[in-house]
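Shown next, in structure tokens, is the structure this report addresses.
A note on names: the letters A, B, ... follow the listed sequences, proteins ahead of strands, and every chain is numbered from 1. In what follows, every heavy atom counts, from backbone to side chain, and hydrogens, waters and symmetry copies are set aside.
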Protein chains: 2
Amino acid sequence: MLKEERFRVILSQLGQDHKVHLAELSNVLKVSEDTVRRDIKELADQGLLKSVRGGAVPHSPGPHHFKDRVEYGNEQKRIIANKALRFVKDGQVAIFDGGTSAMLIAQGLPKDMHLTVVTNSFPIASILEEHEKVEVLFAGGRLLKNSFVTIGNETIQYFRKFRADICFSGICSIHPELGVTGPDYEESEVKRAMVESSREIIALSTVEKLGTAEAYYVCPTNQLTTIITDQPDNLDVFEIYKSMGIKMV
Amino acid sequence: MLKEERFRVILSQLGQDHKVHLAELSNVLKVSEDTVRRDIKELADQGLLKSVRGGAVPHSPGPHHFKDRVEYGNEQKRIIANKALRFVKDGQVAIFDGGTSAMLIAQGLPKDMHLTVVTNSFPIASILEEHEKVEVLFAGGRLLKNSFVTIGNETIQYFRKFRADICFSGICSIHPELGVTGPDYEESEVKRAMVESSREIIALSTVEKLGTAEAYYVCPTNQLTTIITDQPDNLDVFEIYKSMGIKMV
DNA sequence: TTAAATATTGCAAATTATTGCAAATAGTAT
DNA sequence: ATACTATTTGCAATAATTTGCAATATTTAA
């Protein structure tokens with residue numbers, strides 16, 4: 001088999017799956033992983049792909065570039081996302097935060113739903129590319145590289161300009177008296193801006209986070225409209241929140 | 001068997017399989033591998049195919065759906081990017097626009113260079129993820145989905161907040177009297193904001209774009225500091241720009 | 001932190017290219 | 001047809017490239 005044939009296979013699979021693995025290619029092409037590695041290096045030098053540990057990804061970041069970073073395996077979050085989808089209605093303005101839960105919601109949105117989404121998350125913007133009727137308004141700011149979200153004062157100011165119908169905010173700690181809190185100062189500040197810019201606030205959490213608190217304050221608990229967890233809606237721990245007028249799902 | 005007949009067979013098989021192997025052809029054509037090699041060399045000289053180790057592949061290689069990626073390897077733009085890299089200095093604040101030229105520059109930046117990059121392009125932000133010492137400030141705004149850049153008033157306002165050292169702006173039309181112009185209204189507006197926020201402005205263009213004009217105005221030509229093209233710096237057409245105090249590279 | 005997975009490097013074997021050359025072939029003018 | 005020349009072909013020696021392997025780093029995940 002010619003080297004060029006291997007190149008074709010590699011690029012072709014990359015075009016299809018948006019990623020290739022060394023071991024897999026080694027099997028398919030019947031050559032050693034070393035050779036595949038060398039092939040990938042050569043293609044990378046030509047700018048045709050980007051070599052990464054264990055394989056390669058497309059070099060020009062297309063629609064799927066950020067999506068592929070997500071772990072979709074988490075069943076809890078998937079349950080939460082499915083529950084959350086019921087709350088979005090056609091024509092709304094929605095704020096999505098940068099967590100993986102919100103990402104799964106975006107992923108699950110009907111392709112023909114008309115929506116305006118305000119977000120500070122590259123992955124979410126990337127996912128919504130395929131949703132033709134969704135207009136994406138992206139919050140500028142300083143880029144947090146590992147998580148691909150923007151933060152900082154600019155981001156906050158951007159969210160403040162909106163009055164959204166609904167806001168999906170990922171897992172923070174929620175405590176009846178201590179309020180909603182998060183582990184990172186700047187991200188918590190951004191979350192507050194999101195929450196304060198929205199009429200309806202859907203908190204996405206797991207039961208373990210209920211009744212706990214962390215260092216940085218986001219908002220009072222009674223500001224939440226709904227708390228979505230991965231559990232049935234009739235747990236005892238939910239009572240205190242229900243009594244505060246929060247819908248538990 | 002005539003040489004021409006062999007040529008026919010080779011090209012025919014190439015059209016069918018997108019590849020030919022020396023050993024295989026040697027069998028089919030009943031001639032030595034050396035002869036096949038020489039045949040292929042001759043066809044390659046005529047530009048009818050591309051000779052590779054062990055055989056040959058079509059001259060414009062690869063399936064068509066990779067055209068966009070192949071365009072990435074565009075030699076012209078690579079030349080331009082290499083020239084442009086000399087202008088970036090450690091510690092600067094740089095504005096990058098959303099074109100592929102600017103993308104190639106970002107890609108070529110030394111991994112250890114300390115830099116602040118302001119951009120409205122997802123791909124550029126993504127490329128710069130690996131550059132640990134580069135801080136990325138991302139301009140918010142309405143997301144243009146197909147090209148993954150933000151545009152609109154918000155984007156413009158974001159750029160206006162900066163006073164950058166250097167700005168890399170991709171191919172627009174450049175005319176001595178009519179100024180710098182572009183084919184899209186909103187993108188041209190954003191480009192203007194970028195240009196007006198920077199001390200030094202490096203225009204990335206090809207010689208064909210020089211002396212032409214399009215519908216939407218970006219800035220006066222003499223506002224440009226440098227024009228980088230894929231050609232040597234001593235062309236006659238460059239004189240008019242040099243006389244305006246613009247550095248031609 | 002350790003343990004596992006992946007990368008890098010150097011190297012020898014296998015494959016393919018290149019070169020020079022002599023024999024075979026084809027073309028041409030007598 | 002013959003002699004002559006130019007081209008083509010196959011072969012052999014040599015050079016270059018590619019490939020897989022093993023030993024050694026390096027990175028990642030737990």
Side-chain angles (χ1 to χ4, degrees), chain A residues 1-11 13-14 17-59 65-66 68-77 100 144-148 183 208, chain B residues 1-11 13-14 17-59 61 111-112 129-133:
Chain A
M1 188 181 235
L2 298 177
K3 191 165 63 169
E4 282 67 21
E5 293 183 65
R6 295 201 307 267
F7 285 4
R8 263 171 50 83
V9 172
I10 293 172
L11 289 174
Q13 185 173 336
L14 198 61
D17 303 345
H18 309 285
K19 69 188 175 201
V20 287
H21 290 274
L22 284 180
E24 205 177 308
L25 284 174
S26 170
N27 266 326
V28 173
L29 300 172
K30 311 289 179 199
V31 291
S32 73
E33 292 198 9
D34 300 75
T35 299
V36 177
R37 199 173 282 120
R38 278 183 278 232
D39 285 350
I40 285 176
K41 184 173 187 304
E42 201 173 328
L43 291 168
D45 287 343
Q46 293 178 41
L48 296 174
L49 50 71
K50 182 172 141 197
S51 171
V52 299
R53 188 183 180 80
V57 294
H59 196 186
H65 183 74
F66 301 102
D68 293 339
R69 297 169 181 278
V70 188
E71 268 186 46
Y72 288 111
N74 193 323
E75 196 51 37
Q76 287 185 332
K77 287 187 177 172
T100 44
L144 261 191
K145 291 185 176 175
N146 36 354
S147 55
F148 273 105
E208 298 91 58
Chain B
M1 184 179 247
L2 258 45
K3 191 161 68 165
E4 311 301 331
E5 291 184 66
R6 294 201 307 268
F7 284 6
R8 251 180 15 79
V9 173
I10 293 172
L11 288 175
Q13 184 173 337
L14 195 62
D17 301 346
H18 296 271
K19 82 204 174 195
V20 286
H21 294 255
L22 282 181
E24 205 177 308
L25 283 174
S26 170
N27 267 325
V28 173
L29 301 172
K30 310 291 178 197
V31 291
S32 72
E33 293 198 7
D34 300 75
T35 299
V36 178
R37 221 191 306 279
R38 278 184 278 235
D39 286 350
I40 285 177
K41 185 170 187 302
E42 203 173 327
L43 290 168
D45 287 342
Q46 295 178 40
L48 296 173
L49 49 71
K50 182 175 161 200
S51 170
V52 300
R53 177 171 242 261
V57 292
H59 191 251
K111 287 274 197 288
D112 60 344
E129 194 211 5
E130 294 154 7
H131 298 246
E132 286 188 19
K133 296 187 177 172

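Using a 4.0 Å heavy-atom criterion, one finds that Val52(B) contacts the sugar-phosphate atoms exclusively.
To the nearest angstrom, C1' of dA24(C) lies 15 Å from CG of Leu2(B). If you take CZ of Arg37(A) and P of dT9(C), they are 12 Å apart, rounded to a whole angstrom. The nearest whole Å value for the distance from the NZ atom in Lys41(B) to the P atom in dT7(D) is 15 Å. In this structure, the CD atom of Glu4(A) is 12 Å from the C1' atom of dT17(D), given to the nearest Å. In this structure, Glu5(A) atom CD and dT19(D) atom C1' are separated by 16 Å, rounded to whole Å. Residue Glu42(A) contributes atom CD, which lies 17 Å from atom P of dA7(C) at whole-angstrom precision. One interatomic measurement links the two molecules: CD of Glu33(A) to C1' of dA22(D), which rounds to 15 Å at whole-angstrom precision. Across the protein-nucleic acid pair, Phe7(B) atom CZ and dT8(D) atom C1' stand 11 Å apart, rounded to whole Å.
Salt-bridge check for Glu4(A) with Lys50(B): failed, with every basic side-chain N at 4.0 Å or more from each acidic carboxylate O. Between Asp34(A) and Arg38(A) there is no salt bridge, since none of the side-chain N atoms of the basic residue sits less than 4.0 Å from a carboxylate O of the acidic one.
Other residues, nucleotides and ligands place no more than 12 heavy atoms under 6.0 Å from the CD atom of Glu132(B).
Taking for each of Val36(B) and Val36(A) the nucleotide of DNA chain D with the nearest heavy atom, the 5'-most of the two is the partner of Val36(B). Checking Arg38(B) against Leu22(B), the closest nucleotide of DNA chain C that is more toward the 5' end is the one next to Leu22(B).
Checked against Glu42(A) for a salt bridge (Lys or Arg N to Asp or Glu O under 4.0 Å), the options Arg6(A), Lys3(A), Arg37(A) give a single hit: Lys3(A).
Considering only the side chain of Asp34(A), dG20(D) comes nearest among dT6(C), dA12(D), dG20(D). Side-chain proximity of Thr35(A) to dT19(D), dC11(D), dT6(C): nearest is dT19(D).
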N/O contacts under 3.5 Å, protein versus nucleotides 27-30 of chain D?
| unit_1 | atom_1 | unit_2 | atom_2 | d |
| --- | --- | --- | --- | --- |
| dT27(D) | O2 | Arg53(A) | NH2 | 3.1 |

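With values rounded to the nearest 0.5 angstrom, Leu48(A) atom CG is found 11.0 Å from Ile10(A) atom CD1. Here the CG atom belonging to Asp39(A) is positioned 11.5 Å from the OG atom belonging to Ser51(A), to the nearest 0.5 angstrom.
Judged by distance alone, the side chain of Ser26(A) and the main-chain N or O of Val31(A) form a donor-acceptor pair under 3.5 Å.
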